[in-house]
Enquirer: 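Could you have a look at this structure, given as structure tokens, before my questions?
In what follows, every chain begins at residue 1, and chains take the letters A, B, ... in the order their sequences are listed. These values consider heavy atoms only, across backbone and side chains, with no hydrogens, waters or symmetry-generated copies.
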Amino acid sequence: MEASHPKTLFDKIWDQHVVERREGYPDLLYIDRHFIHEVTSPQAFDGLRKRGIRVHAPHRTTATADHNVPTLNQHLPIKEKLSRLQVEALEKNCKEFGIDLYGLGHQRQGIVHVIGPELGLTRPGMTIVCGDSHTSTHGAFGTIAFGIGTSQVEQVLATQCLLQYKPKTMRIEVNGQLGKGVVAKDVVLYIISQISAAGGTGYFVEYAGSAIQSLSMEGRMTVCNMSIEMGARGGMIAPDETTFQYIKGRPHAPQGEDWEAALAYWKSLPTDEGASYDKVLRFDADDIQPMVTYGTNPGMGVRISDPVPASAPNMGPADMEKAFNYMGIRPGESLLGKKIDYVFIGSCTNSRIEDLRMVAEFVKGRKKAPDVNVWIVPGSKQVEEQAKAEGLDKIFEEAGFELRQPGCSACLAMNEDKVPAGKYCVSTSNRNFEGRQGPGSRTFLASPLTAAAAAVTGRIEDVRQLMN
Amino acid sequence: MAFTKLISTCIPLPIDNIDTDQIIPARFLKATSREGFGDNLFRDWRYLPGDVPNPDFVLNQDRYSGQVLVAGKNFGCGSSREHAAWALVDYGFKVVVSSEFADIFYNNALNNGLLPVVVEAGVLERLFEQIEKEPGTQVTVDLPNQTLDVPSMGLSVRFEINPYKKDCLINGLDDLDYIRSRSEAVSAYEAQLPAWR
């Protein structure tokens, strides 16, 4: 009976990881991979020390320094004292508890959600957690990956388990072929604009359909990354040949017989025919254009050729007005031609080699607009090195773009990479919240292509009109 | 950190989609302890440039006080930072009432003895109206009975909370205590894992 019952990708992985199910309790879920960084882990390690316990399975936790690190002169000590102390605390904690650290100066350092997949630590069928909401990124590999709080970081360190209630499941299909200049970021911004920043609350999302399947791993990571921006616990995509090819040969990928055994398991994961979801949404790739946000949550997005709407799903008039006032934008106006001051290309959403290649291809032979500051912050040392090996750094330099060193940077402006108050930034990151990129900063979320177009024109433009 | 029953006035924040960056901006996440985040709770709404308290913000208005925050829907969306829950607790809040909470924040709150109370959108609306009309409105939050009462409105509603988490809050227990008590099951699970996992 059980064997023939059709199951979703999500249910297969979840059930596989239930250590114990007891009446009246949440499921006790085993966590295969735990990522930590300097900002949300120090209090967890303190908790372990207070309780006098050690890390249960140190080899299942991997650390990096990303949120707080400078993106210039990383070889020098961090100037800002509190940031330095936090990074030092991570180093000390990893040493004391025997955890692998890809810290500042390591040739594999980078944003936690970029290096996990790069290292082959992220593999299909896993449960993955991190004290960071964008842990949903790893779902691109067909994993149950979600962000947790610091108390839960402590629980995972101490036990490799979490207590979890099973969320509802939602299937989001995007069918058809994406048009010229329309990329993964536009797909996910479009979905969120349709269902709002809370449209996925209580659900775990599986993305499917031909437009999703045709995406590269980088593109899939961009889509899954922003699952949290629709309120979902996480998002996932069934593993396929694209996934397997990406993983094969990476430092932590299984080898030989283990690879074959793992591959057989991974191939069994996609949702069975006839399996049901709590909710199904379908979108058509033809309806998607380059997207840009106009407000102060990621649900406030619009197709580049449409005017700024007066209302949005799940938003009241007072909240729309508050956002318009903050952004200095009025409903009915077109964002096309809007003058901007900064362009940030980076973050766990869009800082991978494919993103940088996309930008370089577009800007080759062009120059940035005179009054615009352009920051390109690679997601990892590997991405940085690869970009240099391909000569992308030269293209950026000639265009007047600044290629910096890896970190979360202006996505959350915890380091010195801040957009000044009142200034507009076209950003490839994931959040346009008030002050997210620095107090008073105003953010337009967009794809790397749209950001590149803004960099060379100094305005929000329809990149399709500028492509060769 | 045990919680059973609270009688308190409320502080209203009738804004939807309040994200954790507003609750505690990223630049204040550099501490390595759990204490002191209350000083920077709602920092960029609470203070004008130059660290001048913003008279338009509710935490700076004498007519509102209390340990219950009443906030618009999708409260706590965005970043997973538990610092948001720590900041609310450190400031003195014990309950947050909303019609919808973001998942991660909801869990973080529960893990810090901060009770998130979900009410229907219509109830939230009426509560906002009442608090604006009478800032001294008292509410009673009774966790064992899972009720929110506002006597001056003649309002009494039941709220949902999962029984395990309710028990943890009432008895001041946390997940780690429970998970550690299940170590035999964890060892048995680990023993059957293939090497490649």
Enquirer: Determine, for Arg436(A) against Asp44(B), whether the closest basic-nitrogen to carboxylate-oxygen distance falls under 4.0 angstrom.
Expert: no
Enquirer: Ignoring hydrogens and angles, tell me if any N or O in the side chain of Arg182(B) forms a donor-acceptor pair with the backbone of Glu20(A) under 3.5 Å.
Expert: no
Enquirer: Side chains of Cys161(A) and Glu190(B): does their closest heavy-atom pair fall under 4.5 Å?
Expert: no
Enquirer: Heavy-atom cut-off 4.5 Å, strictly under: side chain, backbone, both or neither for Ser33(B) against chain A?
Expert: backbone
Enquirer: Under 4.5 Å from any heavy atom of chain B, what part of Glu80(A) do you find: side chain, backbone, both or neither?
Expert: side chain
Enquirer: Could you check which of Ile179(B), Asp174(B), Leu29(B), Ile15(B) has the highest count of heavy-atom pairs closer than 4.5 Å to chain A?
Expert: Ile179(B)
Enquirer: For the interface with chain B, which of Ala318(A), Gly147(A), Ala262(A) has the highest count of heavy-atom pairs at distances below 4.5 Å?
Expert: Ala262(A)
Enquirer: Among Gly78(B), Cys77(B), Pro194(B), which residue forms the greatest number of heavy-atom pairs with chain A at distances under 4.5 Å?
Expert: Gly78(B)
Enquirer: So what's closer than 4.5 Å to chain A heavy atoms on Ala84(B): side chain, backbone, both or neither?
Expert: neither
Enquirer: Under a 4.5 Å heavy-atom cutoff, which of Val186(B), Asn107(B), Asp167(B), Thr20(B) has the most pairs with chain A?
Expert: Val186(B)
Enquirer: So with a 6.0 Å cut-off around CZ of Arg180(B), is the heavy-atom count from everything else above 12?
Expert: no
Enquirer: Report which part of Tyr165(A) has an atom under 4.5 Å of a heavy atom belonging to chain B: side chain, backbone, both, or neither.
Expert: side chain
Enquirer: So which part of Pro254(A) gets closer than 4.5 Å to some heavy atom of chain B, the side chain, the backbone, both or neither?
Expert: side chain
Enquirer: Against chain B, label His17(A) side chain, backbone, both or neither, depending on which of its atoms sit under 4.5 Å from a heavy atom there.
Expert: both
Enquirer: Tell me, side chain or backbone of Leu163(A) under 4.5 Å from chain B's heavy atoms, or both, or neither?
Expert: both
Enquirer: Look only at the side chain of Asp319(A) and the backbone of Asp16(B), and say whether a donor-acceptor pair between them is shorter than 3.5 Å.
Expert: yes
Enquirer: Donor-acceptor pair, distance only, cut-off 3.5 Å: does the side chain of Lys30(B) make one with the backbone of Lys81(A)?
Expert: no
Enquirer: Taking every non-hydrogen pair under 4.5 Å, which of Arg81(B), Arg34(B), Arg43(B) racks up the most with chain A?
Expert: Arg34(B)
Enquirer: Measure distances from Phe101(B) to the heavy atoms of chain A and classify the residue's part below 4.5 Å as side chain, backbone, both or neither.
Expert: backbone
Enquirer: Can you tell me if Glu434(A) uses its side chain to pair, donor with acceptor, with the backbone of Gln22(B) under 3.5 Å?
Expert: no
Enquirer: Under a 4.5 Å cut-off applied to non-hydrogen side-chain atoms, are Asn74(B) and Thr201(A) in contact?
Expert: yes
Enquirer: Counting only non-hydrogen atoms closer than 4.5 Å, does Gln16(A) touch chain B with its backbone (N, CA, C, O), its side chain (CB onward), both, or neither?
Expert: both
Enquirer: Are the side chains of Trp196(B) and Arg123(A) in contact, using a 4.5 Å heavy-atom criterion?
Expert: no
Enquirer: Non-hydrogen atoms of chain A under 4.5 Å away: do they reach the side chain of Asn108(B), the backbone, both or neither?
Expert: side chain
Enquirer: Given a strict heavy-atom distance threshold of 4.5 Å, which part of Ala198(A) is in contact with chain B: side chain, backbone, both, or neither?
Expert: both
Enquirer: How many angstroms lie between CG in Leu412(A) and CZ in Arg27(B), if you round to the nearest 0.5 Å?
Expert: 11.5 Å
Enquirer: Tyr189(B) versus chain A, heavy atoms under 4.5 Å apart: side chain, backbone, both or neither?
Expert: side chain
Enquirer: Between Ala195(B), Ala31(B), Pro14(B), Pro49(B), which residue shows the highest count of heavy-atom pairs closer than 4.5 Å to chain A?
Expert: Ala31(B)
Enquirer: So which residues of residues 150-162 of chain B are in contact with chain A at a heavy-atom cut-off of under 4.5 Å?
Expert: Asn162(B)
